[in-house]
Amino acid sequence: MNLEQLRHYCLSKADTKETLPFGPDTVVYTVRDKAFALTGLDSERPRVNLKCDPDYAVELREQYTGIIPGWHMNKKHWNTVYLDEDVKDKIIRELIDHSYDMVLAKMPKPKKK
């Protein structure tokens, strides 16, 4: 998966916006103003930070060399996924879905509607 494919997939999710709150080099994908994916445009290797269930995050890190604790994020709840490593596109899409769903699940009921 490349950054354009990542962008397209993230923006296909309902109520998703693409923002640049940290400047022009960091794209943040939000659902109802809560981040579920972040990617740096200035890094040497394409990568994305995704929210993840803590137990599942550890499993993923053990299974894939391309998944590490979240870069500049809470390492318990976020993973960094390198798009040019051993993580297949299908798995990356599933991890984006997982992150998106986790963020939605934590929202107060009025925001979920």
Side-chain angles (χ1 to χ4, degrees):
M1 179 175 285
N2 62 40
L3 288 177
E4 188 56 36
Q5 292 167 321
L6 173 85
R7 177 180 186 268
H8 184 263
Y9 190 75
C10 287
L11 290 175
S12 74
K13 312 293 283 168
D15 295 322
T16 295
K17 292 181 188 171
E18 179 181 55
T19 64
L20 299 164
F22 306 115
D25 295 330
T26 304
V27 179
V28 179
Y29 297 97
T30 62
V31 55
R32 302 187 188 138
D33 299 320
K34 294 289 186 181
F36 70 92
L38 298 89
T39 188
L41 301 177
D42 61 345
S43 60
E44 291 179 23
R45 296 175 57 206
R47 65 181 182 222
V48 62
N49 286 349
L50 298 168
K51 194 163 186 87
C52 192
D53 170 80
D55 294 330
Y56 186 38
V58 171
E59 287 177 37
L60 290 164
R61 293 170 196 165
E62 291 171 353
Q63 188 173 359
Y64 298 98
T65 59
I67 298 179
I68 63 170
W71 181 256
H72 289 296
M73 304 296 283
N74 179 317
K75 300 195 182 342
K76 180 177 179 183
H77 297 281
W78 290 83
N79 277 337
T80 295
V81 180
Y82 284 94
L83 306 180
D84 63 351
E85 273 280 349
D86 60 338
V87 188
K88 302 281 187 214
D89 290 1
K90 178 181 184 281
I91 301 298
I92 295 170
R93 285 190 296 272
E94 289 173 5
L95 295 175
I96 292 168
D97 294 344
H98 177 69
S99 180
Y100 177 90
D101 291 343
M102 283 192 68
V103 170
L104 273 182
K106 294 284 185 179
M107 288 187 176
K109 289 190 190 247
K111 279 201 164 195
K112 285 184 187 179
K113 293 183 178 179

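Below, all heavy atoms of this structure are taken into account, side chains as well, without hydrogens, waters or symmetry copies.
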Original post:
Should Arg47 and Glu85 count as an ion pair when the cut-off is N to O under 4.0 Å?
Top reply: no
Original post:
If you measure from OG1 on Thr19 to CG on Leu38, what distance do you get to the nearest 0.5 Å?
Top reply: 8.0 Å
Subject >> Straight-line distance of Asn49 CG to Lys51 NZ, nearest 0.5 Å >> reply: 11.5 Å
Given the rule that I, L, V, M, F, W and Y join up when any side-chain heavy atoms are under 4.5 Å apart, are [X] and [Y] in one cluster?
X: Ile91; Y: Leu3; result: yes
X: Val103; Y: Phe22; result: no
X: Val58; Y: Leu95; result: no
X: Leu83; Y: Val87; result: yes
X: Met1; Y: Tyr29; result: yes

Considering only heavy atoms from C-beta outward, does the side chain of [X] approach that of [Y] to under 4.5 Å?
X: Asp101; Y: Phe36; value: no
X: Thr65; Y: Tyr82; value: no
X: Cys52; Y: His77; value: no
X: Thr16; Y: Thr30; value: no
X: Glu18; Y: Val28; value: no
X: Arg32; Y: Lys17; value: no
X: Tyr9; Y: Asp97; value: yes
X: Val31; Y: Lys13; value: no

So which atom in [X] and which in [Y] form the shortest heavy-atom distance, rounded to 0.1 Å?
X: Arg61; Y: Trp78; result: NH2-O, 3.1 Å
X: Ala37; Y: Leu50; result: CB-CD2, 3.6 Å
X: Leu41; Y: Pro24; result: CD1-O, 3.6 Å
X: Ser43; Y: Gly40; result: OG-O, 3.6 Å
X: Ala57; Y: Lys76; result: CB-O, 4.4 Å

Original post:
If we ignore angles and hydrogens, is there a donor and acceptor under 3.5 Å between the side chains of Asp15 and Tyr100?
Top reply: no
**OP:** Answer yes or no: is there a donor N or O on one side and an acceptor on the other, between the side chain of Lys75 and the main chain of Gly70, under 3.5 Å?
**Re:** yes
Subject >> Test item: Asn79 side-chain N/O and Val81 main-chain N/O as donor-acceptor pair under 3.5 Å >> reply: no
Original post:
Can His98 and Asp53 be said to form a side-chain contact (heavy atoms from CB on, under 4.5 Å), step by step?
Top reply: CA-CA 8 Å; His98 177 69; Asp53 170 80; 3.8 Å; yes
**OP:** Check side chain to side chain donor-acceptor pair (under 3.5 Å) between Arg93 and all other residues, then give those that pass, not counting sequence neighbours.
**Re:** none
Original post:
After noting the C-alpha distance and the side-chain angles of Thr80 and Ile67, does the key distance pass the side-chain contact (heavy atoms from CB on, under 4.5 Å) rule?
Top reply: CA-CA 6 Å; Thr80 295; Ile67 298 179; over 6 Å; no
Subject >> The single option from Thr39, Leu20, Asp42 passing side-chain contact (heavy atoms from CB on, under 4.5 Å) against Asp25 >> reply: Asp42
